[in-house]
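None of these values were measured; they are calculated from a predicted model. The chains referred to below are lettered A, B, ... by the order of the sequence lines, with proteins before strands, and numbering in each begins at 1.
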2 protein chains.
Amino acid sequence: MKHFSELSPSAERIVDAAEELIRNVGYNGFSFENIAQMVGVKKPSIHHHFATKVELGVVMVQRYSHRFRQALLHIEGTMSKAPDRLKAYAELFDSTYRQNHAMCVCGMLSAESTSLAELINAEVERFFQINLAWLTEVITQGLTDGSLHSNQTADQLAEIMLALLEGAMVVGRGLKFGRGPRKTVEVFLSTI
Amino acid sequence: MKHFSELSPSAERIVDAAEELIRNVGYNGFSFENIAQMVGVKKPSIHHHFATKVELGVVMVQRYSHRFRQALLHIEGTMSKAPDRLKAYAELFDSTYRQNHAMCVCGMLSAESTSLAELINAEVERFFQINLAWLTEVITQGLTDGSLHSNQTADQLAEIMLALLEGAMVVGRGLKFGRGPRKTVEVFLSTI
DNA sequence: GTCTATACTTGGATAGAC
DNA sequence: GTCTATCCAAGTATAGAC
């Protein structure tokens, strides 16, 4: 399996296209032909970089997860208070959603998971675990220093936050309007 | 377009299969061949009942939406207090989720919406609008009679409830465990 | 790294017999 | 209402030339 840090410029553009397609139409909704047209090459050129569609999917999620962790680190490095960190976290989802109501990559793959290869599902699971762990830590900090108040535990609140963000994207797509993930979470945060 | 109230026994079983498949692998994840095997007929027999896959999808969502409204009526007829009604509502989603972490039909279709026919998307949108309207009414009642307390408006809380339920199913599928929609919503309700 | 050509499979859909 | 046979398009993937 190729590693996302060793991608050639062409391979990078292929992964870019795959990510955009998965966000919009899902793994089962795109073909190598779609990617070929977006990148400007022919179908077999994709196979030169990624042997199978599953491998392309795995590398794409791994890169996505890695970039997401970089974003989490950036939040930790630029904000100190739990409420600010949580709002910045919600903004990560919202910036994706604002692009034509695109989904979170792992939210989409999670919905499709029953029809996907186990290699892909494992990466998605890891993404959610990383996110829950990070949220739990931030919320614990907020409950401890008094910047957040709740009668619930940090890990329960973390799961609510994550479900709320993913769900707001799903519902927002179906409604064609809807508040979107950031505003939905802000309303929730103002209730606790 | 056929109406779901006029389905023959065979057509009914085809819609049953389509619903189960969409809940588990999504619209783009199943084929007429899958349905044929589940029902125990050959592919062309499906076309005798539904001219196209889109028509099958539309009829399936219409039947699903109708049954969901029946369930909402049942809740209204058997429970009077807003908190009880909301918990019973969450249980509707949870009973689906407990079957192999299956998704809500419209949650799945909403995630896939960018790749679906407009006829299907319109039914999904209608489903969400019905749900939001019902939730808003129940929550308004609860806020008025004092059985619910919040500094937020009923329609904001309704959107949170719906997003939370759909999102808990998505995240729960990806994590392979996770609390599921009912417990997630109960935690939320105990915070307001 | 990209191409043409092609193999093989599956998917949605139709024709026409029973 | 269901079947066999078939069409055509699209999907993943491979072989081999440039």
Side-chain angles (χ1 to χ4, degrees), chain A residues 1-22 24-61 108-109 112 114-120, chain B residues 1-22 24-61 108-109 112 114-120:
Chain A
M1 183 74 61
K2 195 163 294 191
H3 190 260
F4 64 83
S5 65
E6 301 163 334
L7 299 178
S8 68
S10 298
E12 202 83 50
R13 286 191 298 150
I14 290 168
V15 177
D16 290 343
E19 184 172 326
E20 186 179 333
L21 284 164
I22 286 184
N24 284 289
V25 297
Y27 184 89
N28 291 326
F30 80 92
S31 71
F32 276 37
E33 180 59 34
N34 300 135
I35 292 186
Q37 288 183 7
M38 287 171 71
V39 175
V41 295
K42 299 294 178 181
K43 267 200 291 182
S45 303
I46 318 285
H47 285 283
H48 173 75
H49 299 282
F50 302 95
T52 66
K53 191 179 177 182
V54 169
E55 182 178 341
L56 172 56
V58 170
V59 172
M60 195 273 299
V61 183
M108 180 67 87
L109 294 175
E112 294 178 293
T114 314
S115 64
L116 301 184
E118 203 42 54
L119 277 174
I120 294 180
Chain B
M1 184 75 59
K2 194 163 295 190
H3 190 261
F4 64 84
S5 65
E6 301 163 334
L7 299 179
S8 69
S10 298
E12 203 81 49
R13 285 191 297 149
I14 290 168
V15 177
D16 291 343
E19 185 173 324
E20 186 179 331
L21 284 164
I22 286 185
N24 284 288
V25 297
Y27 184 90
N28 291 327
F30 81 93
S31 71
F32 276 37
E33 181 58 35
N34 300 135
I35 292 186
Q37 287 183 7
M38 289 173 68
V39 175
V41 295
K42 299 294 178 182
K43 262 200 302 180
S45 303
I46 318 286
H47 285 284
H48 173 74
H49 300 282
F50 302 96
T52 65
K53 190 179 178 183
V54 169
E55 182 179 341
L56 172 55
V58 169
V59 173
M60 195 275 298
V61 182
M108 180 67 87
L109 293 174
E112 294 179 291
T114 314
S115 63
L116 301 184
E118 203 41 54
L119 277 175
I120 294 180

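Under the rule for a side chain to side chain donor-acceptor pair (under 3.5 Å), A/T52 has no partner lying at least two apart in sequence or in another chain. Every residue meeting the salt bridge (Lys or Arg N to Asp or Glu O under 4.0 Å) condition with B/E19, not counting sequence neighbours, appears here in chain and number order: B/R23, B/R63. A/E6 is linked by a side chain to side chain donor-acceptor pair (under 3.5 Å) to nothing, counting only residues two or more places apart in sequence or in another chain. By the side chain to side chain contact (heavy atoms under 4.5 Å, CB included) test, B/A17 is found to be paired with B/I35, B/M38, B/V39, residues two or more places apart in sequence or in another chain being considered. Evaluation of the side chain to side chain donor-acceptor pair (under 3.5 Å) rule for B/T114 yields A/R173 as partners, not counting sequence neighbours.
Put simply, B/H48 has no side-chain N or O that comes within less than 4.0 Å of OP1 or OP2 on D/dT2. OP1 and OP2 of C/dT2 both lie 4.0 Å or more from every side-chain N or O belonging to A/S45.
At whole-Å resolution of the value, CZ in B/F30 and P in D/dG11 are 17 Å apart. In this entry the distance linking CG of B/L21 with P of C/dG11 reads 12 Å, nearest Å. In this structure, B/Q37 atom CD and C/dG11 atom C1' are separated by 14 Å, rounded to whole Å. For B/L56 and C/dA13, the CG to C1' distance is 14 Å, given to the nearest whole Å. Whole-Å rounding puts the A/K42 NZ to C/dC3 P distance at 7 Å. One interatomic measurement links the two molecules: CD1 of B/I35 to P of C/dT10, which rounds to 17 Å at whole-angstrom precision.
Listed in residue order, the members of residues 5-17 of chain B having a heavy atom less than 4.0 Å from DNA chain C come to none.
Going from atom CD1 of A/I120 over to atom CD of A/E112 covers 9.0 Å, rounded to the nearest 0.5 Å. Distance check, rounded to the nearest 0.5 Å: CE of B/M60 to NZ of B/K53 gives 10.5 Å. Summarising the geometry, atom CD1 belonging to A/I22 is positioned 7.0 Å from atom CG belonging to A/L56; distances are rounded to the nearest 0.5 Å.
Within a 6.0 Å radius of CD in A/E55, other residues, nucleotides and ligands contribute more than 12 heavy atoms.
Screening residues 35-55 of chain B for ring-ring contact (aromatic ring centres under 6.0 Å, His included), with sequence neighbours left out, gives B/F32-B/H47. Pairs passing the side chain to side chain donor-acceptor pair (under 3.5 Å) check and including a residue from residues 24-42 of chain B, sequence neighbours excluded, read B/N28-B/S115, B/S31-B/N34, B/E33-B/Q37.
Note on the helix from C/dG1-D/dC18 to C/dC18-D/dG1: terminal axis deviation equals 0°, with five pairs used at each end and the result rounded to 10°.
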One character per nucleotide, please: for nucleotides 13-18 of chain D, 5' to 3', B when the base has a protein heavy atom closer than 4.0 Å, S when only the sugar-phosphate does, - otherwise.
BB----
